[in-house]
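Residue numbers count from 1 along this sequence. Indexing begins at 1, ligand by ligand and atom by atom, following the structure's order. Nothing here was measured: the structure is a model prediction, and the numbers come from that model.
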Amino acid sequence: MTGIVGRMREAFRGEQRVDADDLVARLDAVRRFLAAVDGQVPDSRLVTAHTLVERAGTRLALSRDHTVVALAGATGSGKSSLFNALARLDLSPVGVRRPTTGVAHACVWGPLDGASRLLDWVGVLPRHRFVRESALDADDETGLHGLVLLDLPDFDSVQRSHRLEVDRLLGLVDLVVWVVDPQKYADRVIHTSYLREFHRHRDVTLVVLNQADRLSATELPRVLDDLRRLLDADGLDGVPLLATTAVHEGGLTGLREALERAVAERQASLRRLSGDVDAVVAGLGELVVTDLPRDAPDEDTVRSLDRALAGAAGVPAVADAVQGAYRHRAGGTTGWPIVRGWRRLRPDPLRRLHLPGPAADQPAESLVAATSVPDPTAAQRSALGLAIRAVGDRSGADLPAPWPDAVTTAARSRLDDLPDALDRAIAGTDLGMDRRPLWWRLVGGVQWLVTLAALAGLGWLLLGYALRALGLPALEYPRVGEVPLPALLLLGGLLAGLLVAAVTRPVIRWAARRARQRAEKRLTAAVAEVGDTYVLSPVRAVLDRYGQARDALRDAAR
Ligand SMILES: Nc1nc2c(ncn2[C@@H]2O[C@H](COP(=O)(O)OP(=O)(O)OP(=O)(O)O)[C@@H](O)[C@H]2O)c(=O)[nH]1
Ligand SMILES: [Mg+2]
């Protein structure tokens with residue numbers, strides 16, 4: 001048996017100390033992880049992590065001077081007998097009828113005061129709490145001061161309530177002593193349902209083969225070897241394994257020593273929680289397994305989205321109207337004054353769309369449906385739907401489940417607000433059509449001048465005719481060369497007007513195209529901004545959350 005105790009010492013000695021501050025930082029990282037994935041990952045997958053954060057916070061706030069150790073095992077393995085033998089008192093009933101222990105019993109070494117709150121939290125009823133401190137003990141119990149030993153019900157119980165109680169307590173205690181006996185040490189349920197689950201808690205796990213007195217000197221090493229092999233298969237290699245006898249004096253020296261060491265180290269609670277964090281991190285790892293995509297959503301996808309948004313928002317129609325309106329207005333100012341009025345009767349293409357929309361002091365929100373830009377066609381609508389879908393699909397493609405769905409949902413999350421936002425963006429865009437360019441006015445002025453000249457010439461000529469008709473002395477027209485000046489003014493004015501109009505027309509066409517391009521650029525930018533706010537931002541927010549979650553989980557891992 002000394003050899004086994006020696007092996008156990010070795011296993012404990014090699015353990016790394018858990019720094020309380022490190023543990024707190026790791027728990028904080030788990031908290032950050034939970035905040036980042038909140039609403040993105042189903043709560044059912046986060047239960048363990050939430051439980052850990054809550055439980056660890058409480059345990060760390062409670063007494064760290066105490067080490068809570070549970071004796072767990074199948075019915076009849078001798079938990080209560082060990083409990084009583086360690087306490088050297090008959091505190092927990094030992095029986096022949098199975099199962100015997102129905103609720104946890106606790107024994108505290110040292111004053112009960114400090115441990116009371118801990119036991120309140122663990123949930124041991126006051127009438128099942130005992131104190132192991134008496135003047136009679138002299139010094140031989142001081143090594144266990146700070147131990148809170150729990151005798152648990154059986155975990156393979158026919159009583160469901162026993163199993164639930166055991167499962168609850170195993171989640172709370174600092175260290176577990178698994179008690180097996182020679183008959184049942186190989187039972188499947190012990191290994192698959194319990195021991196295996198503790199493979200991340202190797203440094204707060206101890207296994208005792210109780211009732212060792214029932215085995216002969218040759219059988220005991222064989223059974224211990226067999227049990228060791230099973231423990232290795234459970235992932236519990238290196239876990240201390242002891243043989244104990246509860247019914248004979250000196251049959252649990254090794255166990256007592258191990259407990260004394262655990263109590264003295266005051267590490268069990270930290271190691272337990274550290275193991276819990278390990279388990280939680282391992283369980284959550286697949287939720288953030290890949291790197292965050294660098295440039296999601298990528299440029300191509302964003303460009304396609306902007307194009308589809310522009311189509312659906314009617315940007316081409318408005319750009320057409322700008323071009324038309326430019327020509328219309330330029331014609332109205334620079335055209336031959338005599339036909340200008342007639343031109344003005346034709347509707348202004350921009351005004352027909354009720355553009356430009358807003359007065360500068362009008363809040364953008366009040367512009368809903370202010371414009372008469374044609375509604376998107378079915379094709380434009382479906383192109384926009386596809387483009388938005390593509391943003392979601394491509395941005396989340398490389399992420400593990402359930403993030404792709406979260407990203408797609410985010411891309412579509414503000415779909416209903418999009419049409420109004422697009423309309424507002426169009427209405428709120430400065431199309432650059434407010435002012436009449438100076439050159440229009442100059443050309444317009446020239447047109448007036450030549451027209452006035454023609455009218456003056458006409459008037460002059462008419463006056464000459466009238467005087468002649470009335471038999472009055474005829475007017476003597478000044479001449480330019482052979483041509484009388486009024487005729488020159490009339491014809492020259494008319495010709496110059498036509499000439500100016502002819503020269504101006506291609507310039508207006510060219511300028512109208514420029515105006516169209518400028519408006520198109522501004523409209524596309526406005527529409528792209530809407531896309532950014534209503535489609536890309538929600539997607540980026542989810543990707544951001546993913547990045548934060550991944551970073552947090554990396555910090556939580558050690
Ligand atoms: N020979 C021998 N008998 C033991 C030993 N430990 C316990 N027993 C006996 O085994 C029987 C069961 O012991 P308990 O201590 O009640 O077992 P338990 O694990 O608490 O059982 P439950 O409370 O039902 O879960 C009793 O009759 C004990 O006397 C031991 O080391 N050697
Ligand atoms: Mg019992």
### T101, L152, V94: member with heavy atom nearest to atom 23 (O) of ligand 1
T101
### Message
Could you tell me, atom by atom, which parts of ligand 1 come under 4.0 Å of a heavy atom of A246?
### Response
6 (N), 30 (C), 31 (O)
### Task
Check L543, V288, V289, D291 against L399 for a side chain to side chain contact (heavy atoms under 4.5 Å, CB included) and give me the one that passes.
L543
### Message
Measuring from non-hydrogen atoms of P93 to any atom of ligand 1, is the shortest distance under 4.0 Å?
### Response
no
#### Entry: Residue N210 vicinity, atoms of ligand 1 by number, heavy atom under 4.0 Å
5 (C), 6 (N), 31 (O)
### Message
Under 4.0 Å from a heavy atom of A74: which atoms of ligand 1 are those, numbered in the order shown and with their elements?
### Response
19 (O)
#### Entry: Charged N-O contact under 4.0 Å between R31 and D28
yes
### Query
Do the charged groups of R222 and E219 touch, with an N to O distance under 4.0 Å?
no
### Task
Examine the side chains of H248 and T245 and answer whether a donor and an acceptor come within less than 3.5 Å of each other.
no
### Query
Can you list the atoms of ligand 1 that are under 4.0 Å from a heavy atom of T245?
31 (O)
### Within reach of ligand 1, part of H248 (heavy-atom separation under 4.0 Å)
neither
#### Entry: the Mg ion (ligand 2) reached by T101 (N, O or S, under 2.8 Å)
yes
### Task
Name all residues meeting the side chain to side chain donor-acceptor pair (under 3.5 Å) criterion together with D151; count only those two or more places apart in sequence or in a different chain, and write none if there are none.
S80, S92
### Message
Check this for me - ligand 1, S80, N or O atoms closer than 3.5 angstrom, yes or no?
### Response
yes
### Task
Provide the number and element of each atom of ligand 1 under 4.0 Å from a heavy atom of D213.
1 (N), 2 (C), 30 (C), 31 (O), 32 (N)
### Query
Parallel, tilted or perpendicular: which fits the ring planes of H128 and H105, with parallel below 30° and perpendicular above 60°?
tilted
### Query
Between D278 and R26, is there a salt bridge with N-O shorter than 4.0 Å?
yes
### Message
Using a 4.0 Å cut-off to any heavy atom of D154, which atoms of ligand 1 qualify?
### Response
25 (O)
### Task
Could you establish whether G73 and ligand 1 come within less than 4.0 Å of each other, counting only heavy atoms on the residue side?
no
#### Entry: Sequence-distant partners of D226, side chain to side chain donor-acceptor pair (under 3.5 Å), two or more places apart
Y185, R229
### For S81, atoms of ligand 1 separated by under 4.0 Å from a heavy atom
6 (N), 7 (C), 13 (O), 14 (P), 15 (O), 28 (C)
### Task
Classify the side-chain pair D276/H201 by whether it contains a donor and acceptor separated by less than 3.5 Å.
yes
#### Entry: N, O or S of S80 under 2.8 Å from the Mg ion (ligand 2)
yes
